[in-house]
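Let me begin by presenting the structure, written as structure tokens, before commenting on it.
These numbers come from the heavy atoms of this one structure, side chains and all, not from hydrogens, waters or symmetry mates. In what follows, chains carry the letters A, B, and so on, assigned in the order in which the sequence lines appear, proteins first and then strands, with residues in each chain numbered from 1. The structure displayed is predicted, hence computed values, not measured ones.
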There are 2 protein chains.
Amino acid sequence: MKRNTWQREAVREALDTSGGFISAQGLHSALHAGGSPIGLATVYRALSDLADQGEADSLQSPDGESLYRACTTTGHHHHLICRNCGLTVEIGADEVEAWAKRVAGEHGFTEAAHVVDVFGLCATCSATAR
Amino acid sequence: MKRNTWQREAVREALDTSGGFISAQGLHSALHAGGSPIGLATVYRALSDLADQGEADSLQSPDGESLYRACTTTGHHHHLICRNCGLTVEIGADEVEAWAKRVAGEHGFTEAAHVVDVFGLCATCSATAR
DNA sequence: ATGGTTTTGACAATCATTATCAATAACAGC
DNA sequence: GCTGTTATTGATAATGATTGTCAAAACCAT
């Protein structure tokens with residue numbers, strides 16, 4: 001049976017609060033900074049669970065860390081991420097969905113999954129940059 | 001000054017031979033299996049160099065390993081990868097290219113880069129799997 | 001061949017993540 | 001509310017990929 005613990009809730013809330021993508025270690029630090037004595041292993045487990053249940057999205061940062069983010073949209077979607085400030089926009093991508101499936105099919109591939117993420121500079125950071 | 005060593009050449013050749021994406025550790029094993037006494041650290045360095053020079057493509061597997069592959073097409077392209085045997089098909093993706101640029105623009109993002117890779121089971125592995 | 005530098009490679013160090021397992025806490029039923 | 005069962009926690013060890021270290025070896029212009 002699944003039980004509700006304050007730790008689970010704390011992770012969920014911390015994720016919501018963070019806004020952008022954050023690493024498991026980062027979340028753990030944030031929670032500790034906020035006075036929570038939650039354990040690192042627990043944070044990893046909670047994030048993994050949330051990701052499995054579709055309540056959180058995960059992706060791999062370019063340097064190999066796993067990053068997590070609270071999912072506002074349920075269901076499959078992709079992200080547009082500001083590489084400077086971390087601002088993230090969730091984007092539906094039926095177009096890409098269809099493309100991925102078609103390309104996979106054309107080459108005889110089955111069980112196609114895909115990784116599609118767009119990194120850039122958001123409007124604010126673009127303006128600041130110059 | 002950059003020097004040419006047989007190790008560098010061995011890594012380049014092993015990459016060409018492997019055909020698909022392969023991990024640094026995997027390449028090292030393959031080289032050892034072929035009788036080469038090359039060191040693991042050297043393989044990592046060589047791969048990193050090749051990737052920097054654009055002679056190899058690198059991507060992160062879903063479980064966080066860095067995978068490398070000899071680049072046949074110069075210029076921008078994406079990959080369709082068998083998660084079982086590593087077979088890789090290079091695919092141009094004008095469609096996705098246009099989509100990424102458009103979506104980024106719609107949200108005010110500039111300097112859009114994107115990560116687009118499709119993982120699946122190739123025809124052969126699909127057949128074997130059952 | 002010689003010398004100055006780069007490169008190598010065995011091994012230690014690091015870093016994120018996962019496994020271990022005894023102690024703890026949730027929940028259902030009384 | 002109390003109790004027993006059992007999922008969950010968390011400190012720590014283990015793992016596994018990758019990077020740092022540094023003396024020895026290899027490269028190349030001279």
Output field: ring centroids B:H114/B:H78 closer than 6.0 Å = yes
key: B:H28 NE2 to D:dG16 P, straight-line distance once rounded to whole Å   = 17 Å
task = Ignoring hydrogens and angles, tell me if any N or O in the side chain of A:H79 forms a donor-acceptor pair with the backbone of A:T88 under 3.5 Å.
result = no
note = Taken to the nearest whole Å, CG/A:L40 to C1'/D:dA11 is 10 Å
ask   = Rounded to whole angstrom units, what separation is found between the CG atom of B:L31 and the P atom of C:dT8?
value = 13 Å
query = Can you tell me if the side-chain N/O atoms of B:S66 get under 4.0 Å from OP1 or OP2 in D:dT18?
reply = yes
request  = Return the value, rounded to whole Å, for the distance between atom CD of B:E9 and atom P of C:dT8.
outcome  = 12 Å
request  = Assign B:S23 to base, sugar-phosphate, or nothing according to its heavy-atom contacts below 4.0 angstrom with the strands shown.
outcome  = nothing
message = So for atom CG, which belongs to B:D52, do other residues, nucleotides or ligands contribute more than 12 heavy atoms lying within a distance under 6.0 Å?
response = yes
message = Nearest heavy atom decides the nucleotide; on that basis, is B:R3 or B:G39 closer to the 5' end of DNA chain C?
response = B:R3
task = Enumerate the residues from residues 42-53 of chain B whose closest heavy atom to DNA chain C is under 4.0 Å, giving them by residue number; use none for an empty result.
result = B:T42, B:R45
B:V118 side chain reached by A:V103 side chain, heavy atoms, under 4.5 Å = no
request  = Find the distance A:W6:CH2 to C:dA25:P and express it as a whole number of Å.
outcome  = 10 Å
ask   = What is the distance from NZ of A:K2 to P of C:dC27, rounded to the nearest Å?
value = 11 Å
ask   = When rounded to the nearest 0.5 angstrom, what distance separates CG in A:L67 from CD in A:Q60?
value = 8.5 Å
remark   = Looking only at D:dT8, C:dT7, D:dC28, the nucleotide nearest the B:N4 side chain is D:dC28
request  = Walk me through it: do B:E106 and B:R102 pass the test salt bridge (charged side-chain N to carboxylate O under 4.0 Å, His left out)?
outcome  = CA-CA 6 Å; B:E106 282 174 4; B:R102 179 167 54 73; 3.2 Å; yes
message = If you assign B:Q7 and B:A24 each to the DNA chain D nucleotide with the nearest heavy atom, which residue ends up on the more 5' nucleotide?
response = B:A24
Nearest-neighbour nucleotide for the B:T5 side chain, C:dT8, D:dT8, C:dT17 considered = C:dT8
Between C:dA25 (P) and A:I38 (CD1): distance, integer Å = 14 Å
inquiry  = What contact category does B:Q25 fall into here, base, sugar-phosphate, or nothing, at under 4.0 angstrom with non-hydrogen atoms?
reply    = base
request  = State which of C:dT17, D:dA17, C:dA26 makes the closest approach to the side chain of B:E65.
outcome  = D:dA17
request  = Report the distance from atom CZ of A:F119 to atom CD of B:E111, rounding to the nearest 0.5 Å.
outcome  = 14.5 Å
task = Write down the distance between CE (B:M1) and P (D:dA26), rounded to a whole number of angstrom.
result = 19 Å
